[in-house]
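The block underneath contains the structure these notes are about, expressed in structure tokens.
Counting starts at 1 for both ligands and their atoms, following the listed order. These values consider heavy atoms only, across backbone and side chains, with no hydrogens, waters or symmetry-generated copies.
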Amino acid sequence: MKRKPVSLGKVELDQPLMTASGTAGYGAEFADYFGLHDLGAVVTKSVAHFEWPGNRAPRLHPTKSGMLNSVGLQGSGVDHFIEHDLPALERAGAKVVPSIWGHSVDDYRVVTEKLAEVADRIAAIEVNLSCPNLGGDHTMFAHDSRLAGQIIEQCERFGVPLWAKLSPNTDLLVDIARAVLAAGSQALTLVNTVSGMAIDIGTGRPTLGTGRGGLSGPAIRPIAVRCIYDVRAALPNAKIIGVGGVVDAESAVELMMAGADAVQVGTATFADPKAPAKILKALNKWADRRGITDWSQVTSAAHRA
Ligand SMILES: Cc1cc2nc3c(=O)[nH]c(=O)nc-3n(C[C@H](O)[C@H](O)[C@H](O)COP(=O)(O)O)c2cc1C
């Protein structure tokens, strides 16, 4: 059954499912497993305007219902992305959404300016705000309405549609969502990983090289659902992309019913690189069986029940 495209501000997606940033590299690696053009979009690993080595190992630690990571945004920088990764994604027919990060408001501005030079080759930019402000008091941009708003305001002027990706590790989520929308973000991506830690009881030391890391996978789905639900209740007209613990059609539907217009799949791809394509197929079957002609019939259903 053909359904209406999903509208996220100026961006339209043929399908309501995409990859989550950082869990599929820069995306083209996945072209060997399924047609990237079948997905709504491919959101890449976050890229800065500079090369960055990331965190010290170990960087990944599996948990019973997900994983902890402290990859630390390792990457070759935006020039390398534009020269090598973007063409590979284009060859695979993907709708490309680069994710960006930085240490300061100005870092975000610089990387956006560079991506604006290839604006006709990308659909939007996802702004990963879960990064410490090294130019200031080291608080996360995503935990501070003023700074989060400033970043979006600086980047918005280049004219590429922005999606602000927010953190669940704050009780100010709704305020921050309001601030980034007021500053010009066209959509919200909810949520990034949940701050966590694990200890190796043999050595008594943290399992990750950095101590703390980000928890992802099914363990965080109820947190993602609560965040999406709260933001949707406060901001009925916001465009929301849900992410956190999507592993099958049912979990994708759960995030949509909480208020997401579209969803992303991250950690599930570590167990099965074909997960995004398989989940999307199952999601469409789920909708076909129910005669759903428009994804908006699913989005926010929990608020109407
Ligand atoms: C190994 C790994 C790397 C990640 N890298 C990024 C990143 O570069 N930028 C970003 O915004 N989120 C990053 N994330 C967070 C995911 O995009 C997603 O928000 C989170 O994992 C929750 O979704 P999931 O449960 O489907 O994995 C990363 C997650 C993992 C597990």
For [X] against [Y], the heavy-atom pair lying closest together:
{"X": "Met1", "Y": "Ile292", "result": "SD-O, 3.4 Å"}
{"X": "Val231", "Y": "Ile240", "result": "CG1-CD1, 4.0 Å"}
{"X": "Asp38", "Y": "Leu280", "result": "O-CD2, 3.3 Å"}
{"X": "Val43", "Y": "Glu126", "result": "CG1-OE1, 3.5 Å"}

*asked:* When you measure from the side chain of Asp107 to the backbone of Ser104, do you find a donor-acceptor pair of N or O atoms at a distance under 3.5 Å?
replied: yes
*Any donor-acceptor pair under 3.5 Å linking the side chain of Ser99 with the backbone of Lys45?*
no
Could you tell me whether some N/O pair between [X] and ligand 1 is separated by less than 3.5 angstrom?
{"X": "Thr267", "answer": "yes"}
{"X": "Gln264", "answer": "no"}
{"X": "Ala268", "answer": "no"}
{"X": "Glu126", "answer": "no"}
{"X": "Asn128", "answer": "yes"}

Nearest option to [atom], as decided by whichever heavy atom of [options] sits closest:
{"atom": "atom 30 (C) of ligand 1", "options": "Val246, Val43, Asn69", "result": "Asn69"}
{"atom": "atom 25 (O) of ligand 1", "options": "Ala219, Gly217, Gly266, Ala224", "result": "Gly217"}
{"atom": "atom 12 (N) of ligand 1", "options": "Met67, Lys165, Arg59", "result": "Lys165"}
{"atom": "atom 21 (O) of ligand 1", "options": "Gly66, Gly213, Gly214, Ser216", "result": "Ser216"}

Nearest protein heavy atom to [atom], by residue and atom, and its distance?
{"atom": "atom 14 (N) of ligand 1", "result": "Ser21 O, 3.2 Å"}
{"atom": "atom 3 (C) of ligand 1", "result": "Gly22 O, 3.5 Å"}
{"atom": "atom 23 (O) of ligand 1", "result": "Val243 CG2, 3.3 Å"}
{"atom": "atom 20 (C) of ligand 1", "result": "Thr193 CG2, 3.8 Å"}
{"atom": "atom 9 (N) of ligand 1", "result": "Ser46 OG, 2.7 Å"}
{"atom": "atom 15 (C) of ligand 1", "result": "Asn192 OD1, 3.4 Å"}

Please identify which atoms of ligand 1 are closer than 4.0 Å to at least one heavy atom of [X].
{"X": "Ala20", "result": "17 (O)"}
{"X": "Val191", "result": "19 (O)"}
{"X": "Gly245", "result": "24 (P), 25 (O), 26 (O)"}

Is it true that atom [atom1] of [X] has more than 12 heavy atoms of other residues, nucleotides or ligands lying nearer than 6.0 Å?
{"X": "Arg290", "atom1": "CZ", "result": "yes"}
{"X": "Tyr33", "atom1": "OH", "result": "no"}
{"X": "Arg121", "atom1": "CZ", "result": "yes"}

*With distance as the sole criterion, is a donor-acceptor pair present between the side chains of Asp294 and Ser296 under 3.5 Å?*
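Short answer, yes.
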*Taking atom types as modelled, find out whether Arg59 and Gln74 have a side-chain donor-acceptor pair closer than 3.5 angstrom.*
yes
*Does the pair Asp288/Lys285 count as a salt bridge with the N-to-O cut at 4.0 Å?*
no
*Using a 4.0 Å heavy-atom cut-off, say whether Phe270 meets ligand 1 through its side chain, its backbone, both or neither.*
side chain
*Contact between Val247 and ligand 1, counting heavy atoms under 4.0 Å?*
no
